[in-house]
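Beneath this line is the structure, given in structure tokens, with notes to follow.
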Amino acid sequence: MRLGLGTGSTARHFVALLGDRVRQGLHVVGVPTSEETRAQAEAEGIRLTTLDETPRLDLTVDGADELDDRLRLIKGGGGALLREKIVAAASARMVVIADASKRVAGLGRFPLPVEVVPFGLAATQAAVEKIAAHFGSQGAVTLRRAGAVPFVTDGGHYILDIAFGVIHEPETLATALNAVPGVMEHGLFIGMCSTAFLATEGGVVVIENSAG
């Protein structure tokens, strides 16, 4: 099976469990969505490939920072949103594993990450701020930092985090952000996730997206 391997605290547990199964004889090949996941998968003995070698995947398993009942997601809290979206788009199915706290009535409580190129940052941020204001952002657009310097993604980009509060029109917002020169990708994953498994105190809740 050809697997996309997600990034983040929940996905890390999946990769560890997958490593156990591989050592028991399971045959899979994986595409990691970050250098962090690559290092973990290699340590677990999971055979890896790339999308250049294996352009179509059977399944991606990843986490989410937020999801609603239509399985629209916000991802990118760990800074891997661009690679995560590329891998998810190359997969026949995307499955999300998360705890119940990530389920929301409406997206936006978690700041929306927007990955941007460093060149022309001020101009790109101004354009993103204009869009955020148009869509009712309740907070600032801030440059993510790693201590005293900007956080840099595996692709060499920066991340702007938009504190929306509530996103009323995720699909329209996604289209608007995609149109900004300098924006590489945003953390709205719409129409990509087919199933979510949520851990609750009473057990696992499964949400299915018939259109996913």
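- Other residues, nucleotides and ligands contribute at most 12 non-hydrogen atoms within 6.0 Å of the CZ atom of Arg21.
- Looking at heavy atoms from C-beta onward, Leu26 lies in side-chain contact with Leu18 at the 4.5 angstrom threshold.
- Both Val114 and Ile190 are members of a single hydrophobic cluster when ILVMFWY side chains are connected at heavy-atom separations under 4.5 Å.
- The side-chain heavy atoms of His27 and Met1, taken from C-beta on, include no pair separated by under 4.5 Å.
- In this structure, a donor-acceptor pair under 3.5 Å is present between the side chains of Thr153 and Glu115.
- Residue Ala196 comes nearest to Leu67 through the heavy atom pair CB-CD1, 4.0 Å, listed as atom of the first residue, atom of the second, then distance.
- The hydrophobic clustering, which links ILVMFWY residues whose side-chain heavy atoms are closer than 4.5 Å, places Leu51 and Leu48 apart.
- In this structure, Gly30 and Pro32 approach most closely via the heavy-atom pair O-CD, 3.8 Å.
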Might you work through the side-chain contact (heavy atoms from CB on, under 4.5 Å) test for Thr124 and Val180, ending with a clear yes or no? CA-CA 7 Å; Thr124 303; Val180 176; 4.3 Å; yes

Does the pair Leu160 and Arg144 meet the rule for a side-chain contact (heavy atoms from CB on, under 4.5 Å), with working shown? CA-CA 6 Å; Leu160 300 173; Arg144 189 180 298 184; over 6 Å; no

Verdict with reasoning, Glu53 to Arg2, per salt bridge (Lys or Arg N to Asp or Glu O under 4.0 Å): CA-CA 11 Å; Glu53 298 168 340; Arg2 300 160 297 178; over 6 Å; no

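- Between Glu44 and Arg23 there is a salt bridge, since at least one side-chain N of the basic residue sits less than 4.0 Å from a carboxylate O of the acidic one.
- With contacts defined as side-chain heavy-atom distances shorter than 4.5 Å, the pair Ile74/Leu188 qualifies.
- Residues Thr37 and Ser34 have side chains that bring a donor and an acceptor to within less than 3.5 angstrom of each other.
- Tyr158 and Met184 end up in different hydrophobic clusters when Ile, Leu, Val, Met, Phe, Trp and Tyr side chains are linked at under 4.5 Å.
- Transitive grouping of hydrophobic side chains (ILVMFWY, heavy atoms separated by less than 4.5 Å) keeps Phe110 and Leu73 in distinct clusters.
- From Glu185, atom CD reaches atom CG of Asn178 across 6.0 Å, with rounding to the nearest 0.5 Å.
- For the pair Phe135 and Ile167, the minimum side-chain heavy-atom distance is 4.5 Å or more.
- The residues Glu36 and Arg12 are annotated as salt-bridged, a charged nitrogen and a carboxylate oxygen being separated by less than 4.0 angstrom.
- Across all their heavy atoms, Met192 and Ala88 have their closest contact at CE-CB, 3.8 Å.
- Leu121 contributes atom CG, which lies 5.5 Å from atom CD of Gln125 (distance to the nearest 0.5 angstrom).
- Checked by atom type and distance alone, the side chain of Arg47 never pairs as donor or acceptor with a backbone atom of Val22 at under 3.5 Å.
- The side-chain heavy atoms of Ile131 and Leu173, taken from C-beta on, include a pair separated by under 4.5 Å.
- Nearest heavy-atom pair across Pro113 and Ile159 is CB-CG2, 3.9 Å.
- For the pair Arg145 and Phe151, the cation-pi criterion (under 6.0 Å, within 45° of the ring axis) is not fulfilled.
- In the model, Thr60 has no side-chain atom that pairs as donor or acceptor with a side-chain atom of Arg93 under 3.5 Å.
- Of all heavy-atom pairs between Ala64 and Val96, the closest is CB-CG1, 3.9 Å.
- Between Lys75 and Glu66 there is no salt bridge, since no side-chain N of the basic residue sits under 4.0 Å from a carboxylate O of the acidic one.
- Between Asp20 and Leu17 the shortest side-chain heavy-atom distance falls below 4.5 Å.
- Under the 4.5 Å side-chain heavy-atom criterion for grouping Ile, Leu, Val, Met, Phe, Trp and Tyr, Val15 is connected to Ile97 within one hydrophobic cluster.
- Within the 4.5 Å cutoff, the side chain of Leu5 has no heavy atoms near those of the Val87 side chain.
- Between atom CG of residue Asp99 and atom OG of residue Ser9 there is a gap of 8.0 Å, rounded to the nearest 0.5 Å.
- Results of the side-chain contact (heavy atoms from CB on, under 4.5 Å) test with His157 over Val152, Val117, Val116 single out Val117 as the only residue that passes.
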Show the numbers, then the answer: is there a side-chain contact (heavy atoms from CB on, under 4.5 Å) between Arg109 and Phe164? CA-CA 7 Å; Arg109 181 181 64 192; Phe164 266 102; over 6 Å; no

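- Salt bridge present: Arg83 and Glu35 bring a charged side-chain N and a carboxylate O closer than 4.0 Å.
- In this structure, Asp65 contributes its side chain and Lys102 its backbone to no donor-acceptor pair below 3.5 Å.
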Stepwise side-chain contact (heavy atoms from CB on, under 4.5 Å) test for Val31 and Leu57: CA-CA 8 Å; Val31 173; Leu57 305 179; 3.9 Å; yes

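- The backbone N or O of Thr195 sits nowhere less than 3.5 Å from a side-chain atom of Asn209 that would complete a donor-acceptor pair.
- Between Ile207 and Leu71, the shortest heavy-atom contact is O-CD1, 3.7 Å.
- A donor-acceptor pair under 3.5 Å is formed between the side chain of Asp62 and the backbone N or O of Thr7.
- For the pair Ser91 (side chain) and Met94 (backbone), a donor-acceptor distance under 3.5 Å is absent.
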